[in-house]
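Taking it in order: structure first as C-alpha cells, then the write-up.
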Amino acid sequence: MCGIVGCVLKNEKVAPILFDSITKLEYRGYDSIGLATACEGKINLKKDAGKIAEVDSKLNLRDLEGNYGIAHVRWATHGDPSKTNSHPHLNKDETIAIVHNGIIENYLSIKDKLESEGYEFVSDTDTEVIAHLIDKYMKTGLDLTQSVRQVINVIEGAYALAAMTVSEPNRIVATRKDSPLIVGVGEEEFFVASDSPAILKYTKNIAYLEKGEIVVLDEEGVSFLDADDEPIEKEIEVNDWSPDMAEKEGYPHFMIKEINEQSAAVKNTLSERDKVKSIVDEIKGDIDKVLFVACGTSYHASMTGKYLIESLAGIQTEVLLASEFKYSASSLDERTLVIFISQSGETADTLKALDVANETSRTLAIVNVRGSSATRRADYTIYTQAGPEIGVAATKTYISQLVAIYLFASLLGEKDEILKDLEKVPAYIEDVLKKQDEIKRFAYKFKKLDKVPKYLKPILGKPNAYKGLDKNFRHVEDMFFIGRGYSYSIALEGALKLKEISYIHAEAYAGGELKHGPIALIDSNIPVVVIAPPGEDHKKIMSNLEEVKARGADIIGIGAIGDEDLVLKSDYTFLINSEVNDVLAPLVYIVPLQLLSYYVSVARNLDPDKPRNLAKCVTVE
Ligand code: F6R
C-alpha cells in the first residue's frame with residue numbers, strides 16, 4: 001500500500017538511484033509515481049498517474065538535478081489516481097516536499113483548521129495536510145526535524161513519511177507508526193524505504209525504525225531520535241537477501257519466476273526445522289488450544305494448519321480472519337497459542353489482532369520479511385525462507401508458510417513420517433513445474449478474442465455459449481473450485497489466485513456443500529476445477545464431480561497419475577505423482593492452479609504482477 005523511498009548521496013545525482021529504488025516497490029502500488037529532488041534552493045518535481053513505465057516514458061523521471069530526494073508509488077485511498085493526488089506533495093511556497101504511506105485518520109479536522117489559517121489545498125488526499133503542517137511549524141522557527149516531531153503529535157492513523165526542504169540541503173527526515181519503514185546505511189548513500197528490495201542493490205545494512213522514532217539522513221550518515229526525542233543508537237542488521245532475488249532474471253513476470261522458485265523455497269524453509277523444534281519444545285505442554293489468525297492467502301495456509309494440528313497433534317485449532325478477530329476472539333487465555341501468518345509481517349488487520357492477543361496469550365508469527373512489525377511484536381517468530389516476493393499474488397511465500405506449518409504440526413504431534421515425507425516435496429514440485437507447458441497450452445483456450453467473429457455474436461452470453469464450438473474457454477467468466485478436507489483449502493487458494501489476476505469470478509466450495517445451494521448456478525458456462533488427490537475422500541469428491549458434470553459443467557481435474565476414472569470424466573486433467581496423498585496435497589496440488597491462473601492472465605493480456613486494485617502489503621484496516 002504505497003511505497004516510499006528517500007535518499008541522500010554525497011556527490012552523485014540522486015534521481016537515477018531514487019527511480020531504480022522506487023521501481024522495486026512498484027508491487028506496493030501502481031496508480032501513480034512521483035519523485036522530488038532539490039538543488040540550488042529549488043524543489044524539482046515530476047509526478048503523474050499511471051504505471052511507472054508509462055509515466056517515465058512521458059516525463060523521464062531520472063532527469064532531475066540534486067543529491068537528495070524522495071519518491072513514491074501510490075495505491076490510492078483518498079482521492080482518485082491523478083497527477084494532483086500523486087505524491088510527493090508540496091507546501092504552497094514549494095520549499096517542502098513529503099511522501100506518505102498509510103492513512104491520516106483525522107486529516108479532515110486538521111485540514112479545516114489549516115484552511116481557517118489561510119492554507120489552500122490542491123489535492124483530495126489525506127497526505128497533503130502533512131506538507132502544510134510542516135510549513136506552519138517551520139514558519140514558527142522550528143527546523144525540519146522538530147517540525148516532523150510536531151506533526152507526529154497532531155496526526156492520527158497509520159503512517160510512514162519522509163520529508164525534505166530546500167532550507168536544509170542534503171537532509172531527509174522520516175518517521176513511522178504502523179506502516180513499515182527501514183533505514184539503509186551505505187558507505188556514501190543513505191536511505192529510507194518501505195521495504196528492503198528497494199535498497200539491497202546499494203546496501204544490505206539495515207536498521208528498523210520503531211513507532212514514533214525519527215531518522216535524519218544527511219551526507220554524513222544517519223542519526224536517530226526515540227519517541228521522547230532523545231538521540232539513540234540503533235542496531236544495524238545485515239540483510240542476507242541478494243539484490244538479484246528482486247530481479248526478474250529473464251522471466252517475463254515476477255509471478256512466474258516465483259512459482260518456479262517454489263521447490264527451492266520449500267527446501268530453504270525446511271532448513272528452519274531446528275528453530276521450529278526449539279519453539280515447539282518451549283511451548284509444548286503449556287497449550288491446549290491453537291488459534292490461527294491471517295488474511296487472504298495466509299488465511300488459506302492457516303486453514304491447512306487447522307486440519308494439520310488437529311489431526312497430527314490432536315489439539316483443538318480454530319482459524320480466524322484477522323479483520324474479524326475482534327468480533328469473535330473472546331475465548332483467548334494463557335493456554336491458547338495464537339499463530340499469526342503473514343508474508344509481509346505488516347498487514348494492518350493482522351497486527352491489530354496480534355496486539356490484542358499479546359494481552360492474554362502466547363503469540364507466534366510465521367513471516368517472510370525479516371525485521372517486519374509482526375516479528376517484533378510476537379513472542380516467537382518462524383521465518384519462511386522464500387526470499388523476496390515481488391509479484392502481488394502470493395505464491396512461493398504461501399508454499400513456504402505451509403512448510404513452516406507442516407514442520408510445526410509434525411513436531412508438535414511427533415509425527416516423524418510426515419517430516420520424512422516433507423523432504424520429498426521439492427522433487428514433487430519440480431515434477432509439476434517440468435510439465436508447465438501442458439497448463440500453458442490449456443490456459444491458452446481462455447484467451448479472449450480481440451474481435452468476436454460474426455457467427456458467434458448471437459450465441460455469446462447465452463447458456464451453452466461455447467459448448468460444441470471448439471471447447472474453448474474464452475467466454476468463461478465464472479469458475480468453481482471444489483475439494484474436501486485439505487483439498488478444500490487448496491480450492492480456496494486456487495480460486496483466489498484465479499480471480500486476483502485473471503478477473504474471472506472464481507468461487508471455492510467444499511465438495512459436500514455444493515448441493516446445499518451453489519449447485520443451482522452450475523451449467524455448461526461454469527467449468528469446475530475438481531481437486532482429487534488419492535486418499536480417504538477420493539470417492540466422495542468423485543461423486544461431487546459427477547453431480548456437476550450431470551449439470552453440464554466442464555471438468556478440470558487435478559489428481560494422481562494413474563487415476564483413470566478422473567481422466568475419463570474430466571475435460572482436462574493435470575496429473576501429479578501418486579505418492580502425494582491428501583495430507584501432502586496442499587504443498588503440491590496448488591502449483592498447477594497457480595500456473596493456470598498465471599497463464600490465463602497472460603492469455604487474456606493482463607499483467608499478473610500488477611492486478612488491478614490490489615497491493616502487496618495491506619497496511620490499512
Ligand atoms: C493474495 C495475497 C493476499 C495476502 C493478504 C495477506 O495473493 O497476496 O491475499 O495473502 O493480503 O498478506 P500478508 O500475508 O502479507 O499478511
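As the structure lists them, so they are numbered: ligands from 1, and atoms in each ligand from 1. Below, all heavy atoms of this structure are taken into account, side chains as well, without hydrogens, waters or symmetry copies.
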Just distances here: any N/O of [X] and N/O of ligand 1 closer than 3.5 Å?
{"X": "T350", "result": "no"}
{"X": "A393", "result": "no"}
{"X": "K497", "result": "yes"}

Between V392 and ligand 1, which residue portion shows a heavy-atom distance shorter than 4.0 Å: side chain, backbone, both, or neither? backbone
Mind checking whether E500 contacts ligand 1 via backbone (N, CA, C, O), side chain (CB onward), both or neither, at a 4.0 Å heavy-atom cut-off? side chain
Nearest option to atom 16 (O) of ligand 1, as decided by whichever heavy atom of T347, L614, I366 sits closest: T347
Option set C295, A374, G296, criterion heavy-atom distance to atom 6 (C) of ligand 1, minimum: C295
Which protein non-hydrogen atom lies closest to [atom], naming both residue and atom, and how far is it?
{"atom": "atom 11 (O) of ligand 1", "value": "V618 CG2, 4.0 Å"}
{"atom": "atom 15 (O) of ligand 1", "value": "S344 OG, 2.7 Å"}
{"atom": "atom 10 (O) of ligand 1", "value": "T297 N, 3.1 Å"}

Under 30°, 30 to 60°, or over 60°: which ring-plane class applies to H87 and H100, parallel, tilted or perpendicular? parallel
With under 30° as parallel and over 60° as perpendicular, where do the rings of H253 and Y598 fit, or are they tilted in between? perpendicular
What pairs meet the ring-ring contact (aromatic ring centres under 6.0 Å, His included) rule with one or both residues in residues 392-413, with sequence neighbours excluded? none
Is the terminal nitrogen or CZ of K435 (NZ for Lys, CZ for Arg) located under 6.0 angstrom from the six-membered ring centre of F574 and within 45° of that ring's axis? yes
Name all residues meeting the side chain to side chain donor-acceptor pair (under 3.5 Å) criterion together with E258; count only those two or more places apart in sequence or in a different chain, and write none if there are none. none
Between the side chains of S489 and T304, is a donor N or O closer than 3.5 angstrom to an acceptor N or O? yes
Is it the case that S373 and E346 place a side-chain donor and acceptor less than 3.5 Å from each other? yes
Please examine the side chains of T363 and L354, heavy atoms only from C-beta on, and report whether any two atoms are closer than 4.5 Å. yes
Would you mind listing which atoms of ligand 1 come within a distance below 4.0 Å of any non-hydrogen atom of S342? 13 (P), 14 (O), 15 (O), 16 (O)
